[in-house]
Amino acid sequence: MAVVIDETLTAAPAEVGLPSGPIVLRQTVHSDLGGEPAEITYSLDGRHNVAFQTPQGPAKQVQVSATIPGGETERADTVSLMLDGAGTALGQVIIKQLIQAETKVHDSVTVSIKI
């Protein structure tokens with residue numbers, strides 16, 4: 001089976017203004033293979049103008065390399081959101097997650113936008 005999500009993805013804070021401060025994405029995972037390397041991709045819908053804030057500028061995806069251990073472990077990654085263009089009327093965005101290791105595992109979390 002490989003990577004197992006023990007507790008689903010959460011975001012803190014769950015409500016942000018744009019540009020946002022740091023948003024901590026947390027979840028608890030383990031590998032039933034005793035541990036394995038993984039690439040974790042966070043992505044936003046390409047049809048709206050909210051993007052991740054990166055040192056290279058706005059991006060719709062960010063990737064993180066990780067090692068998923070055999071024992072249940074809480075992981076945390078930090079992202080920030082920004083507008084990529086004019087204002088938005090969005091009330092919320094969904095941050096999708098793909099963990100690619102021996103298998104692929106999907107998760108997501110919704111973040112509310114203060115307008």
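Quick note: numbers below take in every heavy atom, side chains included, and nothing from hydrogens, waters or symmetry partners.
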Discussion item. Pair Glu15, Lys114 - check side chain to side chain contact (heavy atoms under 4.5 Å, CB included), show working.
Written reply: CA-CA 7 Å; Glu15 183 177 22; Lys114 294 180 199 173; 3.5 Å; yes

Item to complete: Using the side chain to side chain contact (heavy atoms under 4.5 Å, CB included) rule, take Val109 and Asp107 through it: C-alpha gap first, then chi angles, then the decisive distance, then the call.
Response: CA-CA 7 Å; Val109 64; Asp107 201 355; over 6 Å; no

Practice prompt. Would you sort out whether Val64 and Val62 count as a side chain to side chain contact (heavy atoms under 4.5 Å, CB included), showing the intermediate values?
Written response: CA-CA 7 Å; Val64 178; Val62 292; 5.5 Å; no

Item to complete: Could you go through the side-chain hydrogen bond (donor to acceptor under 3.5 Å, both in side chains) check for Gln97 and Thr41 one step at a time?
Response: CA-CA 6 Å; Gln97 179 198 55; Thr41 303; over 6 Å; no

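Atoms CD1 and CG, from Ile68 and Leu33 in turn, are 11.5 Å apart once rounded to the nearest 0.5 Å. For the atom pair CG of Leu18 and CG of Leu83, the computed distance is 4.5 Å after rounding to the nearest 0.5 Å. Here CZ of Arg26 is found 10.5 Å from CG of Asp77. Values are rounded to the nearest 0.5 Å. Atom CD1 of residue Ile23 and atom CD of residue Gln53 lie 10.0 Å apart, to the nearest 0.5 angstrom. With values rounded to the nearest 0.5 angstrom, His30 atom NE2 is found 10.0 Å from Glu36 atom CD. Rounding to the nearest 0.5 Å places NZ of Lys60 at 6.5 Å from CG of Asp45.
Looking at every heavy atom in both residues, Phe52 comes nearest to Gln61 through CD1-N, 4.0 Å. Nearest heavy atoms, Pro22 versus Pro13: O-CD, 3.6 Å. Closest approach of Pro69 and Thr67 over heavy atoms only: CD-O, 3.4 Å. Considering every non-hydrogen atom in both Ile99 and Ala38, the closest pair reads CG2-CB, 4.0 Å. The shortest non-hydrogen separation linking Ala51 to Ala59 is CB-O, 3.5 Å.
Put simply, the side chain of Val105 does not reach to within 4.5 Å of the side chain of Val29, judged on heavy atoms. Within the 4.5 Å cutoff, side-chain heavy atoms of Ile95 are placed close to those of Leu44.
In the hydrophobic clustering of ILVMFWY residues, with side-chain heavy atoms under 4.5 Å counting as a link, Val111 and Met82 come out apart. Under the 4.5 Å side-chain contact rule for hydrophobic residues, Tyr42 and Ile113 share a cluster. Leu98 and Ile5 fall into different hydrophobic clusters, defined by Ile, Leu, Val, Met, Phe, Trp and Tyr side-chain heavy atoms under 4.5 Å apart, directly or through other members.
A donor-acceptor pair is defined here as one N or O able to donate and one able to accept, closer than 3.5 Å; such a pair exists between the side chain of Asp32 and the backbone of Ala2.
Looking only at atom types and distance, the side chain of Thr10 has no donor-acceptor partner in the side chain of Gln27 under 3.5 Å away.
The environment of NZ in Lys104 is sparse: at most 12 heavy-atom neighbours from other residues, nucleotides or ligands sit within 6.0 Å.
Remark: Glu7 engages Thr28 in a side-chain contact (heavy atoms from CB on, under 4.5 Å) (not counting sequence neighbours).
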